[in-house]
Amino acid sequence: MTLSTRVYTKLLQVPEGKVTTYGDLAKAVGLENGQRAIGTIMKKNPFPGIVPCHRVVKSDGKIGGFVYGERVKLQMLVKEGIKIKDGKIIDFAKEKFYF
DNA sequence: CGGCTGGCGTCGT
DNA sequence: TACGACGCCAGCC
């Protein structure tokens with residue numbers, strides 16, 4: 001059970017229509033300040049299509065990056081019911097999922 | 001093993 | 001509000 005495995009597991013707990021942040025995900029797996037590590041792990045995602053890495057956004061409500069392009073990530077989130085305006089989540093706090 | 005990088009976060013200007 | 005500088009931690013070279 002590596003760190004990345006735990007991250008993916010936690011991420012799978014995020015339901016459709018909800019999102020989480022890199023920082024929160026880091027804390028969820030035991031890292032208080034491992035936000036960047038989470039980014040690296042997402043990029044190295046061994047289960048694309050299984051792990052919803054598009055539900056992970058920046059703490060200020062912005063989308064952040066995405067392997068297949070930020071526009072794609074944005075559209076996926078919108079399809080799940082999350083409202084996005086100018087690359088930022090509207091009711092971010094409300095859509096946020098707490099572990 | 002040492003150093004650099006990156007889908008970030010936070011604080012200061 | 002916007003931009004730059006540091007700090008953080010797991011990978012990669």
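Heavy-atom basis, side chains included; hydrogens, waters and symmetry copies ignored. Please read these numbers as outputs of a predicted model, since none were measured by experiment.
Side-chain atoms of A/Y22 come within donor-acceptor range of the base of B/dG7, with a qualifying N/O pair under 3.5 Å.
When the P atom of B/dG6 is taken as reference, atom CD of A/Q35 falls 17 Å away, rounded to whole Å. Taking atom CG of residue A/N33 and atom C1' of nucleotide C/dC8, one finds them 6 Å apart after rounding to whole Å. B/dG7 atom P lies 21 Å from atom CZ of A/R55, rounded to whole Å. Atom C1' of nucleotide B/dG9 and atom CG of A/D24 are separated by 11 Å, given to the nearest angstrom. One can place CZ of A/F92 at 13 Å from P of B/dC8, the figure rounded to the nearest angstrom. The CD1 atom of A/I63 sits 12 Å away from the P atom of B/dG9 (whole-angstrom rounding). Distance A/L74 CG to B/dG7 C1': 14 Å, rounded to the nearest Å. One atom, CG of A/N45, and another, P of C/dG11, lie 13 Å apart when rounded to the nearest Å.
The existence of a salt bridge linking A/K88 and A/D60 is excluded, since no basic side-chain nitrogen approaches an acidic carboxylate oxygen closer than 4.0 Å. Salt bridge status for A/E80 with A/R55: present, with a side-chain N to carboxylate O gap under 4.0 Å.
A close approach under 4.0 Å does occur between a side-chain nitrogen or oxygen of A/S59 and OP1 or OP2 of B/dT10.
The closest side-chain heavy-atom distance from A/C53 to A/Y8 is not below 4.5 Å. The side-chain heavy atoms of A/I89 and A/I82, taken from C-beta on, include a pair separated by under 4.5 Å.
Across all strands shown, A/G34 has heavy atoms under 4.0 Å from sugar-phosphate atoms exclusively, and none from any base. At a threshold of 4.0 angstrom between heavy atoms, the contacts of A/T40 include nucleobase atoms, whether or not backbone atoms are also involved. Counting any heavy atom pair closer than 4.0 Å across all strands shown, A/K58 reaches sugar-phosphate atoms only and no base atom.
The side chain of A/K43 has B/dG7 as its nearest neighbour among C/dC9, B/dG7, B/dG9. Closest approach to the A/K44 side chain among C/dC12, B/dG7, B/dG9 is made by C/dC12 (side chain taken as heavy atoms from C-beta onward). Comparing B/dC8, B/dG7, C/dG11 against the side chain of A/R36 picks out B/dC8 as the nearest.
Between A/K58 and A/F92, the shortest heavy-atom contact is O-CZ, 3.6 Å.
In this structure, C/dC8 makes no Watson-Crick or G-U wobble pair, since no nucleotide meets both defining distances under 3.5 angstrom. The partner of B/dG7, taking Watson-Crick or G-U wobble pairs whose two distances both stay under 3.5 Å, does not exist in any strand shown.
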